[in-house]
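Read the structure below first, then the notes.
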There are 2 protein chains.
Amino acid sequence: MDAHRLLVFRQIARSGSIGAAARVLGWTQPAVSQHLRHLERQAGLPLVLRRPRGIQLTEAGRTLLGHADALATRLHAAADEMNALAQLEGGTVRLAAFPSAGATVVPAAMSLLAARHPALDVRLLQAEPPEALELVTVGEADLAVTFAHDGQPFTVPSGLVALPVGEDPVRLVLPNGHAQAEAAAVDLRSLAADRWIAGCERCTAHLERLCLAAGFTPDIRHGSDDYVVAQSLIAHGLGIGLLPQLALEAFHNPGVTAREVPGLRPRALHVVHHREAGRTPAVRAAVRAVRDAIAG
Amino acid sequence: MDAHRLLVFRQIARSGSIGAAARVLGWTQPAVSQHLRHLERQAGLPLVLRRPRGIQLTEAGRTLLGHADALATRLHAAADEMNALAQLEGGTVRLAAFPSAGATVVPAAMSLLAARHPALDVRLLQAEPPEALELVTVGEADLAVTFAHDGQPFTVPSGLVALPVGEDPVRLVLPNGHAQAEAAAVDLRSLAADRWIAGCERCTAHLERLCLAAGFTPDIRHGSDDYVVAQSLIAHGLGIGLLPQLALEAFHNPGVTAREVPGLRPRALHVVHHREAGRTPAVRAAVRAVRDAIAG
DNA sequence: GTAGGTTACGATCAGCGTAAGTATC
DNA sequence: GATACTTACGCTGATCGTAACCTAC
């Protein structure tokens with residue numbers, strides 16, 4: 001059964017004659033006649049009775065018309081739904097973001113998205129960058145918000161693309177009253193003797209790389225990728241650490257002081273999605289919203 | 001939305017890759033790829049994510065797949081139903097027949113049809129030939145069983161075709177004990193003085209034409225197109241008449257005697273249907289059954 | 001190398017239009 | 001003659017195949 005012919009047949013049935021159907025379709029009469037002939041040959045049955053003032057459906061024709069109507073309805077529904085998705089009048093976008101972004105810029109971005117496209121369903125999944133990339137790779141998330149420290153090679157799995165969406169300065173975090181808390185200019189070299197609190201795996205690597213460049217190996221006593229825990233450890237004088245600005249925006253323990261370190265490069269923020277997803281309106285809108293939330 | 005492309009897309013989704021879909025379809029990979037590209041362009045959305053070992057559906061793709069599945073199901077259902085009608089594994093045929101046929105050959109034909117095609121739904125409508133033709137013309141019956149007396153022009157409305165299916169001898173019906181009831185050979189001329197019982201309009205015209213040819217005008221006292229009534233009138237000695245053999249087979253009043261009249265031509269029996277209906281299997285089967293019932 | 005996919009382009013065939021013919025009113 | 005449809009046939013264009021190329025593993 002050829003669906004196209006079925007739709008032509010439907011027009012014949014609705015118009016009441018082959019010629020009328022041809023006029024509606026913008027075709028000539030023989031073109032429509034041929035379609036009907038093919039359909040009847042394929043069905044092995046006459047579908048219409050040719051009468052002087054038009055056609056009349058046979059039993060087979062009435063039966064087929066029911067199917068043709070259902071077909072047309074389906075096709076329209078499909079087109080409508082595709083249009084809704086293209087116009088962002090529906091659909092879902094799933095964001096995977098690391099915690100400090102999930103507590104700051106991502107909610108802001110989601111709020112922007114909700115305002116711009118109320119019908120869009122936005123969902124947040126919390127995941128550190130490596131897991132976030134995996135979620136996108138396997139299709140459980142549409143967009144990952146990730147970071148990469150300066151000097152760390154930032155590569156994404158093949159098939160994915162990363163777009164820079166901003167930077168996140170890295171601060172030195174000291175307990176209130178620390179010797180360097182009020183110094184004019186902070187230098188890592190002056191902290192070689194301190195004890196350190198490390199963060200996530202990649203943050204720890206970044207810290208070690210920086211200290212090595214400054215001429216010492218940091219004495220890392222504790223580690224936590226939870227910025228609330230890290231600040232608490234620091235506030236209790238158990239060590240010092242580096243924390244990104246986003247983490248300090250998400251939560252700032254009053255017992256700690258954050259200092260800018262000259263020469264300390266910010267970490268880069270990216271959004272990552274499948275290469276093809278860059279043409280999905282919902283993903284594009286989400287990317288714009290994340291970028292605007294960071295810029296705003 | 002192009003239905004054909006949708007079905008190709010369905011195959012892609014089911015196969016898990018464009019190449020696999022191409023193999024199933026017996027096409028090359030680029031052919032399938034093009035279909036997908038057109039579909040994505042028309043939808044304005046990516047439908048699949050191209051991954052190293054095949055494709056993965058996007059949200060739009062999953063949505064569209066649902067519609068494509070529904071479409072395929074419909075098309076199969078339509079084909080199945082057309083096939084059932086073509087194979088006489090379903091469907092309806094409506095017969096319009098005049099009373100004496102409806103009481104004799106048509107039930108026999110319906111019985112034959114039921115035996116040959118148990119799933120076929122056969123319906124009988126009783127109607128004198130002119131009305132039967134009208135029923136077929138307007139589509140309320142598929143097949144008319146009609147008769148035409150010898151010498152009567154038998155024409156059917158345009159668009160309809162008539163097929164001869166047999167003959168029905170016309171008998172002279174006399175009350176038992178009538179002078180001619182036991183004669184060696186009956187001659188209409190010997191009945192010029194009798195009173196007559198006429199039948200339906202066309203039968204009356206036929207009777208008058210026969211009598212005129214025999215040299216007299218019949219003294220018609222009563223008329224009834226009901227053969228039971230007519231025979232009752234004759235049995236009571238109120239007149240004599242002509243009745244077709246089918247009417248006598250349907251009902252024979254023991255008070256009447258039927259005689260063959262040499263030279264009296266039988267009436268012709270036809271089945272009539274729309275020209276196109278001649279290719280409808282159910283109608284063809286019904287025609288065969290009527291013909292076989294008359295011949296058997 | 002193998003597997004999956006795309007782009008570019010040529011060739012073929014489905015399908016529409018034109019023209020001519022049939023039938024009914 | 002007007003309307004409805006079919007048949008015959010030519011031409012165009014959608015669509016499929018071939019060839020060349022890209023990417024990932």
Side-chain angles (χ1 to χ4, degrees), chain A residues 1-9 11-13 15-42 46-58 61 133 137-138 155-161 274-279, chain B residues 1-9 11-42 46-58 61 133 137-138 155-161 274-276 278-279:
Chain A
M1 281 281 111
D2 182 84
H4 187 222
R5 291 198 207 286
L6 235 54
L7 294 179
V8 173
F9 170 69
Q11 192 58 60
I12 295 173
S15 302
S17 80
I18 295 178
R23 284 190 291 278
V24 171
L25 294 168
W27 293 350
T28 58
Q29 201 176 51
V32 178
S33 181
Q34 271 197 69
H35 276 290
L36 180 57
R37 188 157 53 107
H38 284 141
L39 207 55
E40 287 184 320
R41 181 127 56 104
Q42 193 174 353
L47 299 174
V48 306
L49 302 176
R50 278 77 168 170
R51 304 189 46 198
R53 305 199 196 297
I55 56 98
Q56 182 184 5
L57 295 183
T58 63
L133 292 182
T137 299
V138 302
T155 58
V156 292
S158 68
L160 305 190
V161 292
H274 264 103
R275 190 183 301 123
E276 288 90 352
R279 300 207 321 273
Chain B
M1 282 282 110
D2 183 82
H4 187 221
R5 291 197 207 287
L6 234 55
L7 296 179
V8 174
F9 169 69
Q11 192 58 60
I12 295 173
R14 308 196 112 207
S15 302
S17 80
I18 296 178
R23 283 190 290 278
V24 172
L25 294 168
W27 292 351
T28 57
Q29 200 177 52
V32 177
S33 181
Q34 271 197 71
H35 275 290
L36 180 56
R37 187 156 52 106
H38 283 141
L39 207 54
E40 287 184 321
R41 181 133 58 101
Q42 194 173 353
L47 299 174
V48 306
L49 302 176
R50 278 76 168 172
R51 304 189 46 201
R53 306 199 195 298
I55 57 99
Q56 182 184 7
L57 294 184
T58 63
L133 293 183
T137 299
V138 302
T155 60
V156 291
S158 70
L160 305 191
V161 292
H274 264 102
R275 190 183 302 123
E276 287 89 354
R279 298 205 324 271

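Letters go in sequence order (proteins before strands), and every chain restarts at 1.
One finds a side-chain N or O of S33(B) lying less than 4.0 angstrom from the OP1 or OP2 phosphate oxygen of dT6(C). For dT7(C), one of the phosphate oxygens OP1 or OP2 lies less than 4.0 angstrom from a side-chain nitrogen or oxygen of R37(B).
Inspection of the Q11(B) and S15(B) side chains reveals an N or O donor paired with an N or O acceptor under 3.5 Å.
Judged by distance alone, the side chain of S17(B) and the main-chain N or O of I55(B) form no donor-acceptor pair under 3.5 Å. Q29(A) places no side-chain N or O within donor-acceptor distance of the main-chain N or O of I18(A), the cut-off being under 3.5 Å. Judged by distance alone, the side chain of R51(B) and the main-chain N or O of T137(A) form a donor-acceptor pair under 3.5 Å.
Atom pair R41(B):CZ and dT15(D):P shows a separation of 12 Å (rounding to whole Å applied). Taking atom CZ of residue R51(A) and atom C1' of nucleotide dT6(D), one finds them 19 Å apart after rounding to whole Å. dA24(D) atom C1' lies 16 Å from atom CG of L49(B), rounded to whole Å. Following rounding to the nearest Å, L25(B) (CG) and dC16(D) (P) show an atom-to-atom distance of 9 Å. A straight line from CZ of R50(B) to P of dC22(D) spans 19 Å, rounded to a whole angstrom. One can place CD1 of I55(B) at 15 Å from C1' of dA3(C), the figure rounded to the nearest angstrom. Regarding E40(B), its CD atom lies at a distance of 12 Å from the C1' atom of dT6(C), rounded to whole Å. Look at NE2 on H274(A): it is 13 Å from P on dG5(C), rounded to the nearest Å.
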*Starting at the 5' end of nucleotides 15-25 of chain C, put B wherever the base has a protein heavy atom under 4.0 Å, S where only the sugar-phosphate does, and a dash everywhere else.*
SBBBB----SS

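For the salt bridge (charged side-chain N to carboxylate O under 4.0 Å, His left out) test, residues two or more places apart in sequence or in another chain that qualify with R50(A) are E40(A).
Aromatic ring orientation, H35(B) versus W27(B): parallel (interplanar angle below 30°, classes split at 30° and 60°).
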